[in-house]
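Sharing a structure, written as structure tokens. Questions coming.
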There are 2 protein chains.
Amino acid sequence: MDERERRRIPEATVSRLPLYYRALLETAERKTTTISSERLAEMAGVNAAKVRKDLSYLGSYGTRGVGYDVEYLLAQISQELGLTERRPVIIAGVGRLGQALANYAGFTARGFEVVALLDADPALVGERVGALAVESMGDLARIVRERAVAIAIVAVPAEAAQQVADDLVAAGVTAILNFAPKVIQVPDHVTLRKVDLAIELQILSFYEQRSGPQVSEVAAPVEPIARPAAALDFGEAAL
Amino acid sequence: MDERERRRIPEATVSRLPLYYRALLETAERKTTTISSERLAEMAGVNAAKVRKDLSYLGSYGTRGVGYDVEYLLAQISQELGLTERRPVIIAGVGRLGQALANYAGFTARGFEVVALLDADPALVGERVGALAVESMGDLARIVRERAVAIAIVAVPAEAAQQVADDLVAAGVTAILNFAPKVIQVPDHVTLRKVDLAIELQILSFYEQRSGPQVSEVAAPVEPIARPAAALDFGEAAL
DNA sequence: GCATGTGAATAGATTCACAGCG
DNA sequence: CGCTGTGAATCTATTCACATGC
């Protein structure tokens, strides 16, 4: 395979690379030098064919009859994920979620470094959260520039999310991870991903309900009940 | 379409229903009674054809030339998602993330109610977090039974995740949302979803890196650098 | 012999484009 | 006439199954 023409990794594969990465880190810790697609699949919670296909997109660095070299594969994947050096990240919004994220050990362990916490609330500015002091949103542009930040986490209330995203983009951020329960728009050159905690629960709820209450009180065949008082409330308040 | 044979909603559709739900709640608040697929698509951040196809799986309750009745659609979707009544949820692991989740207003606003916080650490048991006191893991089975819990959130460290999941399943939980950065195994009758915060950042990092550093210091064509000291560390510690 | 790598087959999701109906 | 509903076309992802090469 041509060294320069192994680009264009399918989205589904990209979203699994971090899983392999994590599994490989674990494996490396145990001083195991080689791993089969089967074992890797088991650790990552997928199937072996998928692992092989996925890894083949990176350029196929396995050895037939043997498996993959753990260290080498780790290096390849870090390379792809842009984790060969520590990446500075800022967090906008220092509510409860923002604080939890600020202290989340997993980011650091995976090569990300939270280099600033920002909040619009003047009362919060100056407060310490972990090792960092909260800074003002007004200093955003300077901070992004000086600390070479490309990635930002948005953990502000839904109402503020779009404005904050606009500000981040204007400041030069090119990737946003949005935790606010709100769809936000960004220009094409900016990468956006979202995590909505309530949505995850709702999806779970769907499948849970399907599998039928285990205790089986299978009430009357679920009719489209006469419009349950639908809206619960919308104020999103505390992130 | 047959009232009984409109089952089997595609996974991709299920994962978008909560998006529509949110958009519809917003719309309902504005006292708007009707909405087009186009408008709904815009609010949910998808395209109109997708909205129509998705909604058609629920049984097609729109009116041609007009659009969808907001209240009615809301009722249909809550129905599907099992949100017609408040669903009790427990959180296992009261570290920083657990606490943030415990206080997350979005859950309540979407029909979930956190009815217990559990931790294995005796020092934490009895501590108040928001409106709840932390309870002991030892009381898990009783709590699940008495409070009719089907859904649990796992926010414990990676090392403890599998054990906690096993305990939850044994206690009768049938749906788990896992925040621990670890693949966990559950029996078939249990629904599992995962949210891995570091993984989301890694995926973002991949695409960010792709789009090329905006400031373009396009260094030497990225060679598979001589194996960067791959493993950073694995201890996952503080969730 | 054994586990990778990959074409070919299948399944699933998205998009198109227009018929159908209020 | 406008907007839904949906087959058909397309694109993407997964899985199969086996030739390939260490």
With heavy-atom distances below 4.5 Å as the criterion, would you say the side chains of A:T191 and A:I176 are in contact?
no

A:Y57 vs D:dA13: side-chain N/O to OP1/OP2 distance below 4.0 Å:
no

CG of B:L55 versus C1' of D:dG5: gap in Å, rounded?
11 Å

A:E38 near the nucleic acid: base, sugar-phosphate alone, or nothing, with a heavy-atom cut-off under 4.0 Å?
nothing

Roughly how many Å is it from CZ in B:R8 to P in C:dA13, rounded to a whole number?
12 Å

What are the two closest heavy atoms between A:D166 and A:Q185, and how far apart are they?
OD1-O, 4.3 Å

Could you go through the side chain to side chain contact (heavy atoms under 4.5 Å, CB included) check for B:L24 and B:Y68 one step at a time?
CA-CA 10 Å; B:L24 288 166; B:Y68 300 89; over 6 Å; no

Find the distance A:D69:CG to C:dT4:C1' and express it as a whole number of Å.
14 Å

Quickly work out the B:R16 CZ to C:dG12 P distance and round it to whole Å.
15 Å

What closest approach, in Å, do A:R87 and B:S205 show between heavy atoms, and which atom pair accounts for it?
NH1-OG, 2.8 Å

Check every strand shown and say whether A:R39 touches a base, only sugar-phosphate, or nothing at a heavy-atom separation below 4.0 Å.
nothing

A:Y68 OH to D:dG21 P, straight-line distance once rounded to whole Å
16 Å

Taking the side chain of B:K53 as heavy atoms from C-beta outward, which of D:dG7, C:dG7, C:dG22 is closest to it?
D:dG7

Which donor-acceptor pairs under 3.5 Å do side chains of residues 37-51 of chain B form with protein atoms, sequence neighbours excluded?
{"unit_1": "B:S37", "atom_1": "OG", "unit_2": "B:R52", "atom_2": "NH1", "d": "3.2"}
{"unit_1": "B:N47", "atom_1": "OD1", "unit_2": "B:A49", "atom_2": "N", "d": "3.2"}
{"unit_1": "B:N47", "atom_1": "OD1", "unit_2": "B:K50", "atom_2": "N", "d": "3.0"}

Whole-Å distance between D:dT6 P and B:Y61 OH?
12 Å

Taking the side chain of A:P10 as its heavy atoms from C-beta onward, which of D:dA13, C:dA13, C:dT4 lies nearest to it?
D:dA13

Is there side-chain contact between A:V89 and A:V149, with at least one heavy-atom pair below 4.5 Å?
no

On the side chain of B:R64, is there an atom forming a donor-acceptor pair with the base of C:dG20 - under 3.5 Å, no angle test?
yes

For the pair made of CG in A:D54 and P in D:dT12, what is the distance, rounded to whole Å?
16 Å

Determine whether A:F179 and A:D196 satisfy the following criterion, side chain to side chain contact (heavy atoms under 4.5 Å, CB included), listing intermediate values before the conclusion.
CA-CA 6 Å; A:F179 281 85; A:D196 188 313; over 6 Å; no

Numerically ordered, the residues 43-52 of chain B set in heavy-atom contact under 4.0 Å with DNA chain C is B:N47, B:K50, B:R52

Determine: side-chain N/O of A:S37 to OP1/OP2 of C:dA3, distance under 4.0 Å, yes or no.
no

Whole-Å distance separating the CD atom of A:E11 from the P atom of D:dT14:
11 Å

Closest-nucleotide ordering on DNA chain D, the 5'-leading residue of A:A12 and B:S36:
B:S36

